Amino acid sequence: MPTNNRTQNPIGVFDSGLGGLTVVKEIIRHLPFEQIVYFGDTARVPYGTKSAETIIRYAREIVGALLKYKVKMVVVACNTASSLALDVLKKEFDLPVLGVIEPGARKAAAVTRNKKVGVIATSSTVKSGRYADKITACDKKIAVTSMACPLFVPLVEEGWFAHEVTYRIAREYLKGMKKKKIDTLILGCTHYPLLKGVLHDVMGPRVQLVDSAREVALEVKEMLATSGLLRASSSRGRQRFIVTDEPKQFERLASRFLGEGIKDVRRHIYV
Ligand code: DGL
């Protein structure tokens, strides 16, 4: 296996805001010795309603900022940015870049039994058609039903994970999915894992919920191992957090996503 002196360098992870922390949580679980620099573009969230051109510009700027931390790879922990900007980032930057769409699509294709898969995501992710493309690339017999659920992001940010209003909205959004008798539902937005309880209750026990965070973490591990970039250390890795808006608000909400409190949040100023 090749070795490399970049092994000690951090993994760069970015999202439009807080949601990508659900991916960080899984990376820490599977790769506790890795260092992580997380970039949350809190000043420009949401991405889910913006154009491809805008998202590509944001994503380029963020990868540029992460390179200053000498990151050894980049994880695009945002479904919208993965749908719209991943190919450009892979082409323009000379380091491994991983998105969240393919791992989730592969998992869904592997677990569906009746070949009816649902995707819930932001409007931009649904419009991009990336999930449907990636799922049918795995198995063209799979029928994909997609639904944009824009109200879920603010509900999560508000902490209404099991609120009566969240149930009502979820029932409304998921009506069509239930009619199509899907047996697998992809949570195609990094905020949605926090609504797993509601989604499970609304869809019923026969529908498997696929959250790509775990698959992404396992893929990060494999990519680092095959490129000789795994950090050899017996001490846990450090996590640093960079945001583009007020750090206090991010610190306050981060524990909901990460399952633990965080410190060390800095503000990035665009120049
Ligand atoms: N992080 C975004 C995603 O996974 C959701 C929030 C947003 O719209 O920016 O698509």
Side-chain angles (χ1 to χ4, degrees), residues 12-27 38-63 66 74-87 89 97-105 107-108 118-134 146-161 166 169-170 173 185-196 199 209-217 241-245 249-250 253-254 256-258:
V13 181
F14 82 86
D15 179 37
S16 54
L18 285 150
L21 293 175
T22 54
V23 176
V24 170
K25 185 177 175 185
E26 289 298 318
I27 296 177
Y38 180 85
F39 191 112
D41 198 3
T42 48
R44 304 193 291 199
V45 70
Y47 281 11
T49 48
K50 296 191 171 81
S51 68
E53 194 193 345
T54 300
I55 300 303
I56 289 168
R57 176 160 57 83
Y58 290 174
R60 265 196 198 114
E61 286 173 8
I62 293 170
V63 176
L66 285 171
V74 169
V75 179
V76 185
C78 170
N79 287 266
T80 308
S82 296
S83 303
L84 303 174
L86 189 67
D87 295 343
L89 297 178
V97 185
L98 178 68
V100 290
I101 306 283
E102 271 195 67
K107 173 81 193 275
V119 179
I120 50 172
T122 64
S123 309
S124 300
T125 298
V126 168
K127 225 186 289 163
S128 78
R130 294 297 275 200
Y131 267 112
D133 290 351
K134 296 292 174 191
S146 304
M147 180 75 199
C149 304
L151 295 174
F152 281 168
V153 170
L155 287 169
V156 168
E157 300 262 338
E158 198 58 40
W160 288 12
F161 307 137
T166 312
I169 291 171
Y173 277 147
L185 180 64
I186 296 184
L187 313 187
C189 170
T190 46
H191 278 66
Y192 299 176
L194 286 131
L195 298 179
K196 262 185 187 162
L199 298 170
L209 304 181
V210 172
D211 146 18
S212 56
R214 182 173 168 273
E215 311 327 301
V216 171
F241 302 91
I242 305 153
V243 294
T244 51
D245 199 3
Q249 169 78 347
F250 183 86
L253 294 171
R256 292 180 185 171
F257 290 81
L258 213 48

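The analysis underlying the following values was restricted to heavy atoms, covering all of them including side chains, and did not include hydrogens, waters or symmetry mates. Given the structure is predicted, the values throughout are model-derived calculations rather than measurements. Start at 1 and go down the list; that is how both ligands and their atoms are numbered.
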So what's ligand 1 close to, N/O to N/O, under 3.5 Å?
unit_1, atom_1, unit_2, atom_2, d
ligand 1, 1 (N), D15, OD1, 2.7
ligand 1, 1 (N), S16, OG, 3.3
ligand 1, 1 (N), T190, OG1, 3.0
ligand 1, 4 (O), N79, N, 3.0
ligand 1, 4 (O), N79, ND2, 3.4
ligand 1, 4 (O), T190, N, 3.0
ligand 1, 4 (O), T190, OG1, 3.1
ligand 1, 8 (O), Y47, N, 3.3
ligand 1, 8 (O), G48, N, 2.8
ligand 1, 9 (O), S16, OG, 2.6
ligand 1, 9 (O), Y47, N, 2.7
ligand 1, 10 (O), T80, N, 3.2
ligand 1, 10 (O), T80, OG1, 2.7

Listed by chain and number, what are the salt bridge (charged side-chain N to carboxylate O under 4.0 Å, His left out) partners of K107, not counting sequence neighbours?
E215

Using a strict cut-off of less than 4.0 Å between a Lys/Arg side-chain nitrogen and an Asp/Glu carboxylate oxygen, indicate whether E26 and R214 qualify as a salt bridge.
no

Flag, side chain of T244 to backbone of A43, donor-acceptor distance under 3.5 Å:
yes

Does Q249 reach the side chain of T42, with side-chain heavy atoms less than 4.5 Å apart?
no

On the 0 to 90° scale, with breaks at 30° and 60°, tag the Y47-Y58 ring pair as parallel, tilted or perpendicular.
tilted

Should the ring pair F257 and H191 be called parallel, tilted or perpendicular, given that the plane angle runs from 0 to 90° and is split at 30 and 60?
perpendicular

